[in-house]
There are 2 protein chains.
Amino acid sequence: MPKAKPAADDCCTPTAKVRSRATRPYVPLCKALADETRLEILGMLAERAGMLCACEIEAHFDLSQPTISHHLRILREAGLVSAERRGTWNYYSLERPVVERLGELRALLAD
Amino acid sequence: MPKAKPAADDCCTPTAKVRSRATRPYVPLCKALADETRLEILGMLAERAGMLCACEIEAHFDLSQPTISHHLRILREAGLVSAERRGTWNYYSLERPVVERLGELRALLAD
DNA sequence: GGCATTCATCGACGTTCGTCAATATGCAAA
DNA sequence: TTTGCATATTGACGAACGTCGATGAATGCC
């Protein structure tokens, strides 16, 4: 008699088949948030309700200008911030609707 | 006359000094969530309200057993799940209070 | 005891990521 | 047009990460 799948039926009722919830859409969002510098940039933008000049963001960190620009691009591509050019300067502001998706994920996992 | 800090005073009112909000505590949480496999494990645990046997989690993915074990460890260290040994088997369950911290982060950034 | 099973750990490998210096781009004033 | 400044892009480097095969630790059954 072939025993095939050896066991794994004694530990849990094999009925349910466990369909997972749709979490994939939140992966890029979480990846964008998974960095100390980027989270702090968002914290700055949240504190200052309006916009923030890129130079002011740079001045807040001990990081090079290209590095900050890199992080701002990732936040932009994730939709978490938007940039508005005004002459030479670039003003960044928080995109609250995308931040709200954090609440959706919380509800998806906790409710 | 030294011009020191060249400009950066024409683009934004230099008064505010922009104190960022305390986002650092959420960095480990976001790092733990920033992976498709781990997010889907949490989705499985959310769907099935109770616990889930480790073997059932492994069966859900096309990944090796050590890889799933590795992800489960990261989720455990982040406090997102807890494990309970029952004989040979290991049952994982979701730690909702930690998931709730996603709501805190959302409020910190969006309110 | 001896053996099988479940799960965790280790070591190695390729990939992704954060960082910087150097360079490019775009805009504005002289 | 030329010069200067703000920001983005490129290329390179080391560190961190996801993955696997092999091994180890703990438990239950014969």
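Chain naming here is simple, since letters A, B, ... match the order of the sequence lines and numbering starts at 1 in each.
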Student: Using a heavy-atom distance cut-off of less than 4.0 Å, which residues of residues 70-80 of chain A contact DNA chain D?
Tutor: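 Per residue number, the list reads A:R73, A:R76.
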Student: Looking at residues at least two apart in the chain, or sitting in another chain, which of them share a side-chain contact (heavy atoms from CB on, under 4.5 Å) with B:A83?
Tutor: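 B:A83 satisfies side-chain contact (heavy atoms from CB on, under 4.5 Å) with B:R76, B:N90, B:Y92 once adjacent residues are dropped.
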Student: Going by heavy atoms in the side chains, are B:I57 and B:L72 under 4.5 Å from each other?
Tutor: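 Answer yes - side chains close enough.
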Student: With sequence neighbours left out, what residues match A:S93 under side-chain contact (heavy atoms from CB on, under 4.5 Å)?
Tutor: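 side-chain contact (heavy atoms from CB on, under 4.5 Å) list for A:S93, sorted by chain: A:M51, A:S82.
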Student: Have a look at B:Y92 and say if it touches a base, only the backbone sugar-phosphate, or nothing, with a 4.0 Å heavy-atom cut-off.
Tutor: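 Sugar-phosphate, no base atom in range.
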Student: Tell me the salt bridge (Lys or Arg N to Asp or Glu O under 4.0 Å) pairs involving residues 92-101 of chain B, sequence neighbours left out?
Tutor: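 Pairs touching residues 92-101 of chain B that pass the test: A:R106-B:E100.
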Student: Using side-chain contact (heavy atoms from CB on, under 4.5 Å) as the criterion, list what pairs up with B:A107, not counting sequence neighbours.
Tutor: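 B:D111.
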Student: Can you tell me the distance, in whole Å, between the CZ atom of B:F61 and the C1' atom of C:dC7?
Tutor: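 To the nearest whole Å, that distance equals 17 Å.
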Student: Can you confirm whether B:Y26 sits close enough to B:L108 that some side-chain heavy atom of one is under 4.5 Å from a side-chain heavy atom of the other?
Tutor: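 Touching, per the 4.5 Å side-chain cut-off.
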Student: Per the salt bridge (Lys or Arg N to Asp or Glu O under 4.0 Å) rule, what does the pair list look like for residues 58-73 of chain B, sequence neighbours excluded?
Tutor: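 Listed by first then second residue: B:R73-B:E77.
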Student: I need the A:L94 CG to B:L109 CG distance, nearest 0.5 Å.
Tutor: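 Answer for the CG-CG pair, A:L94 versus B:L109, is 6.5 Å.
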Student: Can you name the salt bridge (charged side-chain N to carboxylate O under 4.0 Å, His left out) partners of A:E104, sequence neighbours left out?
Tutor: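 Once residues adjacent in sequence are excluded, A:E104 has no partner under the salt bridge (charged side-chain N to carboxylate O under 4.0 Å, His left out) criterion.
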Student: Report the distance from atom CG of B:L33 to atom CD1 of B:I74, rounding to the nearest 0.5 Å.
Tutor: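 Here the interatomic distance stands at 11.5 Å.
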Student: Tell me every residue that passes side-chain contact (heavy atoms from CB on, under 4.5 Å) with B:S20, counting only those two or more places apart in sequence or in another chain.
Tutor: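 Once residues adjacent in sequence are excluded, the partners of B:S20 under the side-chain contact (heavy atoms from CB on, under 4.5 Å) criterion are A:E40, A:M44, A:H60.
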Student: Show each protein N/O and nucleotides 11-16 of chain C N/O combination with a separation under 3.5 Å, one pair to a line.
Tutor:
none

Student: Apply side chain to side chain contact (heavy atoms under 4.5 Å, CB included) to residues A:L45 and A:V81 and explain how you reach the verdict.
Tutor: CA-CA 9 Å; A:L45 290 168; A:V81 305; 3.7 Å; yes
Student: In residues 22-32 of chain B, which ones come under 4.0 Å of DNA chain D, going by heavy atoms?
Tutor: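 Residues of residues 22-32 of chain B under 4.0 Å from DNA chain D: none.
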Student: For nucleotides 21-28 of chain D, which of its nitrogen or oxygen atoms have a protein nitrogen or oxygen under 3.5 Å away, and what is each distance?
Tutor:
none

Student: By nearest atom, which of the nucleotides D:dA8, C:dC20, D:dT7 is closest to the A:S69 side chain?
Tutor: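 Looking only at side-chain atoms, A:S69 lies closest to D:dA8.
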Student: Looking at residues at least two apart in the chain, or sitting in another chain, which of them share a salt bridge (charged side-chain N to carboxylate O under 4.0 Å, His left out) with A:R21?
Tutor: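 Testing A:R21 for salt bridge (charged side-chain N to carboxylate O under 4.0 Å, His left out), a comparison that skips the adjacent residues, returns B:E47.
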